[in-house]
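Below: one structure, written as structure tokens.
Below, all heavy atoms of this structure are taken into account, side chains as well, without hydrogens, waters or symmetry copies. One-based numbering along the sequence shown.
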Amino acid sequence: MKNIQNYVMGEWVNGEGEELMATNAITGDAIGIVSSAGIDYEAILDYGRKKGGAALRKMTFQERGRMLKALALHLVSIKDKFYELSYATGATKIDSWVDIEGGIGNLFANASLRRQFPDLPYYVDGQPAALSKNGTFIGHHIMVPKRGVAVHINAFNFPVWGMLEKIAVNLMAGVPAVVKPAESTSFLTELMVREIIASNILPEGALQVVTGLGRGIIDHVQTGDTVTFTGSAATGKKLQALPHIIDRSVTFNLEADSLNAAILGPDVEPGMPEFDLFVKEVQREVTSKAGQKCTAVRRVLVPEDKMDAVQEALTSRLSKTVIGDPQAEGVRMGSLASKLQVERLVENVERLMKSQEVVYGDLRDFDVVGADKSKGAFASPILFRNNDPFKNTDVHDVECFGPVTSMMPYKTLEDAVEIANMGKGSLVSSIITADDKIAREYVVEAAHMHGRIHVLNAKSAKESTGHGSPMPLLTHGGPGRAGGGEEMGGKRGVLHYLQRTAIQGHPDTIMEITQVYQPGASRPESEKHLFRQHFEELKVGDTVYTHKHTVTDADIASFAQVSGDNFYAHVDATSLDGTIFEGKVAHGYYVLSKAAGMFVDPRKGPVLLNYGLDECRFTKPVYPGMTIGVKFTVKEKIDQEKKSDDDIAKGIVRFNVDVYDETGETVALATILTMVKKIDQSS
């Protein structure tokens, strides 16, 4: 019999004995023995911190991002291996697409975040703070990778996505991970980890996996470690409250089950596109992954006069759902992940039957295509009707983790908000409405109890990713019952794994630490013009001091003619009474354009192009007769990878443009972005 192995401390190993026999959710056949008994968790966590953490922390954000991109490209190239095994979890091809390619998509999305981070192993956060009168003492913040390990305890429903969406974030931050997937579907996680390890794309120790029960895996977490838990709220809260978790200030992120709601807007009538979208969205959420999603729609809120119409339409769609072997033709819904999940589903459905009526489905009487119902973990979609959700409240407390949902009426939008909030905190809610004012009212009133709100109408339907799809660049989590945690979230998610530290000192010192020019820092004059230097030669702080120019009336008139900007303050001295201006004033964009003419070296050289302008400010009026000069300083350097072998090796350089007048006061500030060629064209 095959063993579903653990990858720890650089080796694939078996646990002692048998903790669980993993089975095919469709056929009931044994897949392999799952066990992590006897493994030294303290050593595993320490290995991750010392081996994987040390290697990741040496890498810059740019290097980590390129690493994730390479891994994503590799996994996409061999994705068929994962689909083949995914069927054994009960997933259809579409279910597997969400799990496998959705997970890989998280790697791509996080890899792209490198453009928002410096070419350093740590992050420079926010803007400097002036702490002294003369500017010789300033403050700033940096964020460094935590010197711990991320322990991810994942659920059974997404054995690939659940792992990849979490590790993509901690790896981007420079923190290693130990993944503990749910035992029943860990065989698919194990396959992907095998391919990741074999690729040698990640440094050793950056990723370890424990496929068994993992009892004791968080007993040895320390300050600086992070624990993430996805699963039942009851279990998650017990782990979160462990004394050593609290005593050591271990970061704990809980993403728990939640009773998510979908609301049909009061404006929507049968026959409208939004009505059909609503019914389709609910049906999809009930049957997708056989309802085994933390984001699935568990409560369907409908204006009371539309209940019968929605019930008829939803019942009609559910009746067309073909259940069975995902590889059989025509099957649209597979099985639950295991027989154990079926038992739990039946128990909770029977609890809800005491307070509401089943209007579609039967957990025992349904047909299965291409499989033996008695051997597989199959279940039928169940639609409940609850005519008094304020009185019959079990629906707001009991989650059936499967293809089960409950319809309920509301009188006013205010009632709908109250009913949705009776879930005591949810990961997601949807409102389907053609009226943006209704959408606004619902979102503003319901947002405090929901981690995400999906607004759907006919205009967005074609490209909408759906109620049940958390996106990697947006936060996934929710308050209250949903756990109060946050996952993904783009840049926000990466920052969770970094320690923010305030730093104080002279601007020169802070510039050296941050590798970003700071106001008040030294600006040594460059011996060679900055536009004559390659990327590797440029040093942060080096400055070009330009010649001076005295602004004239003719300059202002000429720029107004060329630009077409004839705003009164620039061209009509008779209209200035009651304004802040003392006379005709130069256009801010003239000042900036003239500054460019002063700091640019026009000859062909390493500067390939100027492609952007950030943080442009006009801080003081410039009148005719005033004389301006420019201090042009290397502010920050960011490396770039070559897109192909014949691409030009280059980096991005951000220059500080400080335009000042004859008194030395700044009149304009801007940051320009340039693309600069490297000397070394090999990388």
Side-chain angles (χ1 to χ4, degrees), residues 90 257-264 270 278-293 295-324 331-337 339-369 373-374 376-410 416 419-420 422-423 426 430 467-468:
D257 44 17
S258 77
L259 294 159
N260 312 296
I263 294 88
L264 180 66
F278 177 78
V279 173
K280 182 179 180 181
E281 189 77 3
V282 172
Q283 180 266 340
R284 181 171 64 180
E285 286 301 311
V286 171
T287 58
S288 174
K289 258 296 186 172
Q292 299 172 111
K293 297 196 301 184
T295 55
V297 172
R298 306 298 181 197
R299 298 174 298 155
V300 181
L301 280 56
V302 179
E304 58 183 2
D305 62 333
K306 313 284 191 332
M307 282 284 284
D308 290 341
V310 170
Q311 180 178 323
E312 180 181 353
L314 190 51
T315 297
S316 175
R317 284 194 70 95
L318 289 173
S319 67
K320 297 172 184 175
T321 303
V322 179
I323 307 165
V331 169
R332 292 294 177 265
M333 190 178 96
S335 70
L336 302 190
K339 286 280 193 178
L340 176 61
Q341 296 306 318
V342 176
E343 292 172 11
R344 291 174 176 171
L345 180 69
V346 170
E347 179 183 340
N348 284 326
V349 166
E350 290 175 347
R351 287 177 65 188
L352 288 182
M353 288 173 68
K354 295 175 182 178
S355 58
Q356 51 188 34
E357 175 191 5
V358 174
V359 293
Y360 177 82
D362 189 313
L363 287 180
R364 292 175 176 82
D365 184 14
F366 61 94
D367 295 325
V368 168
V369 172
K373 185 168 67 173
S374 65
F378 296 100
S380 164
I382 299 290
L383 177 62
F384 281 107
R385 179 164 177 155
N386 183 336
N387 289 321
D388 193 347
F390 289 106
K391 179 181 178 181
N392 302 319
T393 58
D394 286 346
V395 69
H396 309 304
D397 297 312
V398 178
E399 181 179 24
C400 298
F401 205 73
V404 179
T405 198
S406 300
M407 287 178 53
M408 56 199 76
Y410 71 86
I419 294 169
M422 287 172 74
S426 300
S430 280
H467 167 101

Gap between atom [atom2] of [Y] and atom [atom1] of [X] - 0.5 Å precision:
| X | Y | atom1 | atom2 | result |
| --- | --- | --- | --- | --- |
| M333 | I323 | CE | CD1 | 4.0 Å |
| D397 | R351 | CG | CZ | 8.5 Å |
| M408 | M422 | CE | CE | 9.0 Å |
| L345 | E350 | CG | CD | 10.0 Å |
| Q311 | L318 | CD | CG | 11.0 Å |
| F384 | D394 | CZ | CG | 10.0 Å |

Shortest non-hydrogen contact from [X] toward [Y]:
| X | Y | answer |
| --- | --- | --- |
| P403 | S380 | CG-O, 3.6 Å |
| P303 | L264 | CD-O, 3.4 Å |
| C400 | V349 | SG-N, 3.6 Å |
| S319 | Y360 | CA-OH, 3.2 Å |
| L336 | A290 | CD2-O, 3.6 Å |
| G361 | I382 | C-CD1, 3.5 Å |

Discussion item. Looking at R344 and E347, is any side-chain nitrogen of the basic one under 4.0 Å from a carboxylate oxygen of the acidic one?
Written reply: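 No, this pair does not count.
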
Item to complete: Using a strict 4.0 Å threshold on nitrogen-to-oxygen distance, state whether R385 and D308 make a salt bridge.
Response: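 A salt bridge is present here (some side-chain N lies under 4.0 Å from a carboxylate O).
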
Worksheet entry | Donor-acceptor pair between S430 and E281 side chains, under 3.5 angstrom |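 No - no donor-acceptor pair under 3.5 Å links their side chains.
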
[X] side-chain N/O to [Y] backbone N/O, donor-acceptor pair under 3.5 Å:
| X | Y | answer |
| --- | --- | --- |
| Q292 | A337 | yes |
| K373 | R364 | yes |
| T295 | G468 | yes |

Take atom [atom1] in [X]; do more than 12 heavy atoms of anything else shown fall under 6.0 Å from it?
| X | atom1 | answer |
| --- | --- | --- |
| D367 | CG | no |
| R332 | CZ | no |
| K306 | NZ | yes |

Item to complete: Take T405 and E285 through the side-chain hydrogen bond (donor to acceptor under 3.5 Å, both in side chains) test and state the conclusion after the steps.
Response: CA-CA 9 Å; T405 198; E285 286 301 311; over 6 Å; no

Discussion item. If you define the side chain from C-beta out and look only at heavy atoms, does anything of L314 sit under 4.5 Å from V279?
Written reply: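 Side-chain contact under 4.5 Å: yes.
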
Worksheet item: Under the criterion side chain to side chain contact (heavy atoms under 4.5 Å, CB included), which of Q356, K391, E357 is the partner of N386?
Response: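 That would be Q356; it is the only one of Q356, K391, E357 passing the side chain to side chain contact (heavy atoms under 4.5 Å, CB included) with N386.
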
Item to complete: Step by step, work out the side-chain hydrogen bond (donor to acceptor under 3.5 Å, both in side chains) result for H396 and R299.
Response: CA-CA 8 Å; H396 309 304; R299 298 174 298 155; 3.1 Å; yes

